[in-house]
Amino acid sequence: QLMAPIFFQNIASGGLISIWYIYMNYKFNTNASDVGLYLSVFAGMTAFTQGYLLKKLIPKIISEKSAVKYGYLVLSIQYVIIGISPSYGYLFISLLFIIGTVYDPTLKGLIVKESMVGELKMDSIGRQGNLQGTLNSLSTMGSAIGSIVLSQIFSWSISTTNNKLSKPWISFAVCFCITFLCSMYMIYLFNTKDFLTNNRTARLSTDAPSSRPLKEEDFLEATDALYNDYDNDNDNDNDYIGDDVMKNDVNAPLIGNDA
């Protein structure tokens with residue numbers, strides 16, 4: 001259920017990549033330098049958003065679920081702005097909404113957490129590797145399908161001989177619809193399904209001991225129990241762990257606090 005939006009969103013984003021240069025050249029009569037400039041700024045702001053802002057915003061300011069739900073919504077607005085921009089310069093306004101890209105790493109993080117506390121119990125390294133491979137496969141398949149679909153839609157939208165009837169923005173309208181529906185789907189899913197609630201997340205501490213670092217009291221509790229078990233043995237002469245340890249006997253093994 002959580003993976004579905006990753007597939008459909010990549011249909012939109014992957015499809016736009018295949019027509020981006022043609023779209024800008026057709027609508028704005030841009031050259032390779034113009035396209036490169038926009039894409040460079042886009043890539044830089046995406047790296048800044050996902051590499052720096054992400055850890056500043058989540059979960060200190062907004063929750064992971066909110067970042068996913070509204071990240072899709074913000075991204076859909078970006079598609080609208082690109083589609084209705086009357087000139088090349090207006091495209092840079094769409095970069096203000098690039099913060100919506102936080103949805104992708106956040107959603108994948110939620111999927112990893114859900115897989116560890118959910119019914120799948122994918123808490124081993126091998127299973128997590130399978131999960132990451134599945135996510136990458138979904139992204140690749142979505143991009144491949146999107147490249148075919150969006151290129152055909154764009155070709156149809158500009159096929160008319162009368163430029164006044166040409167509608168190159170239709171491709172972005174399709175992307176807006178896909179992304180907006182993903183947002184609505186995630187809002188519905190998080191409001192109706194029991195994903196990562198406090199009760200379920202609490203299982204991490206009981207089902208997956210490696211989910212939290214061991215503290216000193218954990219070792220003391222274990223060694224005290226071991227000491228009491230051996231010290232209560234009837235044959236004190238054969239005790240490896242007993243009073244000698246507490247007396248710091250150099251011939252006794254180091255156990256507990258002495259260790």
Side-chain angles (χ1 to χ4, degrees), residues 1-24 35 38-39 42-43 45-47 49-51 54 58 64-83 91 94-95 97-115 118 120 122 127-158 168-190 193 195-196:
Q1 291 174 313
L2 291 174
M3 290 181 181
I6 293 179
F7 172 75
F8 287 104
Q9 175 55 35
N10 274 277
I11 291 179
S13 59
L16 289 181
I17 293 175
S18 65
I19 66 170
W20 187 254
Y21 181 87
I22 303 174
Y23 170 80
M24 292 187 66
V35 176
Y38 178 86
L39 292 179
F42 180 89
M45 293 187 66
T46 301
T49 300
Q50 297 186 0
L54 181 64
I58 304 170
E64 292 176 311
K65 292 182 179 180
S66 296
V68 174
K69 292 186 293 186
Y70 303 116
Y72 279 113
L73 190 60
V74 171
L75 194 62
S76 67
I77 297 175
Q78 184 184 47
Y79 291 142
V80 173
I81 294 176
I82 295 175
L91 287 176
S94 67
L95 297 177
F97 296 86
I98 207 167
I99 192 173
T101 58
V102 298
Y103 81 88
D104 185 57
T106 306
L107 177 57
K108 291 179 179 178
L110 285 174
I111 292 175
V112 171
K113 292 180 181 179
E114 177 65 22
S115 70
L120 295 178
M122 302 180 69
R127 291 181 177 178
Q128 283 298 315
N130 292 337
L131 176 61
Q132 295 299 326
T134 301
L135 293 175
N136 290 334
S137 297
L138 284 174
S139 299
T140 303
M141 289 173 58
S143 298
I145 295 174
S147 298
I148 298 173
V149 174
L150 267 295
S151 61
Q152 293 300 314
I153 292 175
F154 181 73
S155 176
W156 170 81
S157 67
I158 64 174
W169 51 265
I170 290 180
S171 298
F172 290 90
V174 172
C175 293
F176 162 79
C177 292
I178 293 175
T179 310
F180 181 79
L181 289 176
C182 286
S183 176
M184 296 298 102
Y185 172 76
M186 295 309 298
I187 291 174
Y188 165 78
L189 202 61
F190 286 143
K193 301 294 183 179
F195 288 115
L196 294 173

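Position 1 is the first residue of the sequence, and the numbers go up from there.
Annotation: the span from L54 atom CG to E64 atom CD amounts to 9.0 Å, rounded to 0.5 Å. For the atom pair CG of L131 and CG of N136, the computed distance is 9.5 Å after rounding to the nearest 0.5 Å. For the atom pair S13 OG and L150 CG, the distance stands at 9.5 Å (nearest 0.5 Å). Between the CD1 atom of I77 and the CD1 atom of I82 there is a distance of 12.5 Å, given to the nearest 0.5 Å. The CG atom of L135 lies 4.5 Å from the CE atom of M3; values are rounded to the nearest 0.5 Å.
Proximity of a side-chain donor or acceptor of S155 to a complementary backbone N or O of S151 within less than 3.5 Å is not detected. Although no hydrogens or angles enter the test, the distance criterion places no donor-acceptor pair under 3.5 Å between the side chain of T106 and the main chain of Y103. Although no hydrogens or angles enter the test, the distance criterion places a donor-acceptor pair under 3.5 Å between the side chain of S157 and the main chain of F154.
The two atoms that bring V68 and M186 nearest to each other are CG1-CE, 3.9 Å, heavy atoms only. Looking at every heavy atom in both residues, L2 comes nearest to L107 through O-CD2, 3.8 Å. Closest approach of T101 and T46 over heavy atoms only: OG1-CG2, 4.3 Å. Residues F97 and Q78 share a closest heavy-atom pair of CB-CB, 4.0 Å.
The shortest side-chain heavy-atom distance between I145 and F7 falls under the 4.5 Å cut-off. Proximity of Q152 to W156: side-chain heavy atoms (C-beta onward) are nowhere separated by under 4.5 Å. At a threshold of 4.5 Å between non-hydrogen side-chain atoms, the residues L138 and N10 do not count as touching. Proximity of S139 to I6: side-chain heavy atoms (C-beta onward) are separated by under 4.5 Å at one or more points. Using a 4.5 Å cut-off on side-chain heavy atoms (C-beta onward), Y72 and Y185 make no contact. You'll find the side chain of S143 stays beyond 4.5 Å of the side chain of I17, heavy atoms only.
Residue pairs meeting the salt bridge (charged side-chain N to carboxylate O under 4.0 Å, His left out) criterion with at least one member in residues 99-112, sequence neighbours excluded, are D104-K108.
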Show me the side-chain donor-acceptor pairs of residues 169-184 shorter than 3.5 Å, one per line, residues at least two apart or across chains.
from: T179; atom 1: OG1; to: Q9; atom 2: OE1; distance (Å): 2.9
from: T179; atom 1: OG1; to: C175; atom 2: O; distance (Å): 2.9
from: S183; atom 1: OG; to: K69; atom 2: O; distance (Å): 2.9

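Here Y79 pairs with nothing under the ring pair (Phe, Tyr, Trp, His ring centres under 6.0 Å) rule; sequence neighbours left out.
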